[in-house]
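See structure below.
Every chain is numbered from 1, with letters handed out A, B, ... down the list of sequences.
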Amino acid sequence: MTIGRVRLLTQVRDLQIIDRDEQDCGIVDDVELEGRPGEGLRVTAILVGPGAYRTRLPRWAMRLVALIAGDHMARVPWGEVAYISSTVQLARPAQDYGLGEAEQRARRLLPQIGGLNAPE
Amino acid sequence: MKITELTLGILTAVGGFVDVSELVFMAQAGSRFQYALVWVIVLATIGMMVFGEMSGRVAAIAKQPVFNMMRHRLGLNLGLVTLIASLISNTITCAAEIGGVGIVLHLLTGFGFVPMAIAATAVFVATIWLLPFKWIERTYGLLGLFMIVFAVALVAIEPPWGQFATGFVPQVPAGLSTQDLLTYSYFAVAIVSAVMFPYETYFYSSGAIEEKWGEKDLGLNRLTTIVGFGLGSLLTVAILASSAQLFGPAGVNPEMPGTAALQAAVPFGRTGLLLALLGMLFAIAGAAIETCLANAYSLSQFFGWRWGRRLKPHEAPRFTLVWLVVFILALGIVLTGVEPIALAEYAVVVSILVLPLTYLPLLLLAGDKSYMRQHANGWIAKTLGWAYYALIVVAALAALPLFLLTEGGKL
């Protein structure tokens, strides 16, 4: 971990997440905290996926989001965050955190015709 | 930077600048108000240069595409509102472009409008699926350069240059009735919207991220936005001015996109007509692809999905599904029988409402030194950025009332 002092709501939440292979794999949709009243709070995980919007959106908007993007949610332990810059980078590939499943489901809906590789 | 690469980038920006809304509104504005709205095109083009340059710079330095930063800066709720409005605006615009291509193909081939719109959509899907991003961008952008015939035609018909030059001075024509004044204002707002369409910024900045721009590309960014957009804008000025010279005095209201092509037919006959139609075909087709991909970029960036035309369709499956669905929806709108001209009108009104929400996070991030370091907005970019921001807020507030009061500029 190369994280020093971080502002969770302005610096981390709603930031793009990339995995170890620099693949886009979601947005930090919410942050999970742990602690009791009178004690210090500890960040335990980042929550990824539209399911994490439930407490952030009005009900009508949540229904709309679920229609477009589903309502799944994955929990990535905070210890798996490698560093934070203009993106949040994870220590391992997206699949290890269950972040690639929706892409897999979408892939099955596409016809199996290949496109050309883009030349540099 | 290779000189060929630079030239191609600029030429692509020129050829890709014009779309169906510009063709319709510029021709109508010229016919109705002569040269009195030329200055609005110039004003809006400078605005497009300012925000285009900013979005390219942010993509190169902060590596953030527009919808990533929008959500991060505006938050989930306001970001979602912007996303929905953008999706609606881009889909309507895409439908207008498909309708425009259908009309031009109908004029070129004589086949029916509906089969031509369907065939065009199928070709768009095939090209995005099969061809690399750069080929698509350059093919449509460079073939769109046939539009230069409009500028040559303007010179050939020898308009009153002195009168034309006065159009560059900000003005409200004297002696207009209240109704005409409202219509003049409506056309001014529509031109600002058509020139500064938000999809252009989404598309441009996403392209910059895909091409992995860095500090070394800031010069290319500046040249493309200033020279490329500037020259592209000259074509729209030429369409307005030719219309003022040819259609206005004859009492012709060039409502259909195809009418503008007659501007080249007057001085150059069949060849001019053919070149104009071909230019329009590729320019509008390029815009159809850009608007559709802009939706795929927006949704993917908002939800953090894999995205990009550099990836094969199966490597970014949700991105691919979105652009496929957008094409189907846009074609569906066209097949309901709504006139493409009406779609173009709805597109400009909805788009101007989205502009303030699109450009606010861009302005904030471009001025943020913690992300942009020494490339943060200087005083010129800051002053121009906020001045144009105020302008688009006023235009956004005025757009809907003006649209309703003038029945979309028809009164």
| query | Side chain, backbone, both or neither: which part of B/L299 has an atom under 4.5 Å from a heavy atom of chain A? | reply |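 Side chain of B/L299 only, per the 4.5 Å heavy-atom cut-off to chain A.
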Cut-off 4.5 Å, heavy atoms of chain A, and the answer for B/L324 is side chain
Less than 4.5 Å to any heavy atom of chain B: does that hold for the side chain of [X], its backbone, both, or neither?
X: A/R13; value: backbone
X: A/A94; value: neither
X: A/I17; value: neither

Write down the atom of [X], the atom of [Y], and the distance for their closest heavy-atom approach.
X: A/V65; Y: B/F303; answer: CG1-CE2, 4.1 Å
X: B/P313; Y: A/L110; answer: O-CD1, 3.7 Å
X: B/G75; Y: A/D14; answer: CA-OD2, 4.2 Å
X: B/L76; Y: A/Y53; answer: CD2-CD2, 3.7 Å
X: B/R71; Y: A/R56; answer: NH2-NH1, 4.1 Å

Query - Within 6.0 Å of OH in A/Y97, more than 12 heavy atoms from elsewhere - result: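 Yes, because the 6.0 Å sphere around OH of A/Y97 holds more than 12 heavy atoms from other groups.
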Measuring only between side-chain heavy atoms, which start at C-beta, is B/R318 closer than 4.5 Å to A/L109?
no
When you compare the side chain of B/H72 with that of A/V28, does any pair of heavy atoms fall below 4.5 Å?
no
Original post:
Which one, B/S300, B/A62, B/G304, leads in non-hydrogen pairs under 4.5 Å with chain A?
Top reply: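 Heavy-atom pair counts peak at B/G304.
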Chain A shares the most heavy-atom pairs under 4.5 Å, among B/I128, B/N68, B/V322, with B/N68
Residue from A/A102, A/P50, A/P58, A/C25 scoring the most non-hydrogen pairs under 4.5 Å with chain B is A/A102
Below 4.5 Å, heavy-atom pairs only: which of A/R107, A/E103, A/Q104, A/R108 has the largest tally toward chain B?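 Of A/R107, A/E103, A/Q104, A/R108, A/E103 has the most heavy-atom pairs under 4.5 Å with chain B.
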Next item on the list: Would you confirm whether B/Q64, through its side chain, and A/S86, through its main-chain N or O, come within 3.5 Å as a donor-acceptor pair?
Entry: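 Present.
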Before you tell me yes or no, could you show the steps for B/L80 and A/L64 under side chain to side chain contact (heavy atoms under 4.5 Å, CB included), namely the whole-Å CA-CA distance, both residues' side-chain angles and the distance that decides it to 0.1 Å?
CA-CA 10 Å; B/L80 191 66; A/L64 187 67; 5.7 Å; no
From [atom1] ([X]) to [atom2] ([Y]), nearest 0.5 Å:
X: B/L311; Y: A/Q23; atom1: CG; atom2: CD; value: 7.5 Å
X: B/F319; Y: A/D24; atom1: CZ; atom2: CG; value: 11.5 Å
X: A/I27; Y: B/Q301; atom1: CD1; atom2: CD; value: 9.0 Å
X: A/Q16; Y: B/K63; atom1: CD; atom2: NZ; value: 14.5 Å

